[in-house]
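Order of the sequence lines sets the chain letters (A, B, ...), proteins ahead of strands, with each chain counted from 1. If you're wondering where the values come from, they're calculated on a predicted model, not measured in any experiment.
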Protein chains: 2
Amino acid sequence: MARTTGSHAGITGPRVRQAALRLFAQKGYAAVSMRAIAAEVGVQAGALYNYTPDKESLLFDLMRVHLEELLAQADFGAEADPLTRLRQFVEFHIRFHADRPDEVFIAYMELRNLSPENFAQIEALRRRYEDRLETILRDGAKQGVFAIEDTKIMTLAIIAMLTGVNTWFRSGGRLSLDQVVAQYWDMVRRAVGAE
Amino acid sequence: MARTTGSHAGITGPRVRQAALRLFAQKGYAAVSMRAIAAEVGVQAGALYNYTPDKESLLFDLMRVHLEELLAQADFGAEADPLTRLRQFVEFHIRFHADRPDEVFIAYMELRNLSPENFAQIEALRRRYEDRLETILRDGAKQGVFAIEDTKIMTLAIIAMLTGVNTWFRSGGRLSLDQVVAQYWDMVRRAVGAE
DNA sequence: GTCTATACAGCGATAGAC
DNA sequence: GTCTATCGCTGTATAGAC
């Protein structure tokens, strides 16, 4: 069956999300209009509502998909020793976040623009990710491999430190991502008191 | 000379800045209208323009004053040993930032809403603050007190870690600020490889 | 599925009375 | 110094033609 002229099912949708991602990260959610997103895609503003019920859903879906992918990939088997799992976490976190600067930026900066219900969902996903690290730290502390006074603080401190890479790292800069990973692994290993 | 009714020179100005600070931190700069700020102060929107030439200047001044105060207080004399100065930095940073959550939040989150000229000024102030820490680390490394591979990365990693406290710390919570300072000092001391 | 047109509210900023 | 009133514009979202 011939397609109607101007029909782009399965093409425009992803382009809308990609345009929203880029613009939200660059200018901030509240500063981006639906007209601006539509212009980036090459359609009129009204057409966007074939792909999202409203503007906030666009933001929420970007965050949710990002965090679900993060959780899907953040699998550090409990069979390995805690030091190895911690090293895997550090490397994974840095690389995953360096690969998705726009998504990471939005997921941290635009939480205020979610409804309470959507906010709670996003926070729950983030909490599940933090728990992956906390479990590693707790296992290591129990086995005497790490010397940690408070695993919750250590968890938040490590994540803040690692996520901070995104504020300055640029591919092609002074340091390669391999070097960055090595340096942060050094710092984390020392911070948890591992040999 | 009798004051004109409704005249509040020297009173309304600070109240405007305080209302803007609170609302910007809570809802985000772009989501706050001049009318909302005026309502919080208890005046009409037009009256705000007696105190600021425009909305962006309000944001810029809040950031600039915050960072200038940070720099004014962040004085760690070069006479003491690097380990003592680093400890002072860690304690100062955590306490100063915990005292001003709204200012800190704005100064990190709303940089995108500044004109290029204003952005450059704010970034220069922040850079001067980072240099205070980097100098301490460099001195310590030179003297062999610290074992640091790259002082620039260590600087950014420490600041990210310490500033991250603001995302979760609440006065009256499980931990006192004294305990938080002690824990982070432990982590930083280890991370720089100090005895 | 996209268009044009539009409803309706809100925006930053200014002018002029008091 | 604050008010009221207003300008010109932009915002999200919807309706109906094609």
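At whole-Å resolution of the value, CG in A/Asn113 and P in D/dG11 are 16 Å apart. Rounded to an integer number of Å, the gap from NZ of A/Lys55 to C1' of C/dG10 is 13 Å. If you take CE of A/Met34 and C1' of C/dG10, they are 17 Å apart, rounded to a whole angstrom. In this structure, A/Asp54 atom CG and D/dG11 atom C1' are separated by 14 Å, rounded to whole Å. Taking atom CZ of B/Arg15 as the reference point, atom P of D/dG1 lies 15 Å away to the nearest angstrom. Atom-to-atom, CG of A/Leu58 to P of D/dA13 comes out at 10 Å; the value is rounded to the nearest Å. The nearest whole Å value for the distance from the CG atom in B/Leu48 to the C1' atom in D/dC3 is 13 Å. B/Tyr49 places its OH atom 16 Å from the C1' atom of D/dT4, with the value rounded to the nearest Å.
Here side chain to side chain donor-acceptor pair (under 3.5 Å) pairs that include residues 184-195 of chain A, with residues two or more places apart or in two chains, are A/Asp186-A/Arg189.
No donor-acceptor pair under 3.5 Å is formed between the side chain of A/Asn113 and the backbone N or O of A/Ala30. Checked by atom type and distance alone, the side chain of A/Arg100 pairs as donor or acceptor with a backbone atom of A/Phe96 at under 3.5 Å.
Each of D/dG1, C/dG1, D/dT4 was ranked by its minimum atom distance to the side chain of B/Tyr51; first place goes to D/dG1.
Residue A/Ala36 is the one, among A/Ala36 and A/Ala47, whose nearest nucleotide of DNA chain D lies closer to the 5' end (criterion: closest heavy atom).
Looking at heavy-atom distances under 4.0 Å, B/Val41 makes no contact with the nucleic acid at all.
In this structure B/Arg170 satisfies the side chain to side chain donor-acceptor pair (under 3.5 Å) test with no other residue, sequence neighbours excluded.
Within the structure, every side-chain polar atom (N or O) of B/Ser33 is placed at least 4.0 Å from both OP1 and OP2 of C/dG10. The shortest distance between the side-chain N/O atoms of B/Thr12 and the OP1/OP2 oxygens of D/dT2 is below 4.0 Å. Regarding contacts with the backbone of D/dT2, every side-chain N or O of B/Gln44 stays at 4.0 angstrom or more from both OP1 and OP2.
Between the side chain of A/Arg35 and the base of D/dT12 there is at least one donor-acceptor pair of N/O atoms closer than 3.5 Å.
For the pair A/Lys55 and A/Tyr29, the cation-pi test (distance below 6.0 Å, angle within 45°) is passed.
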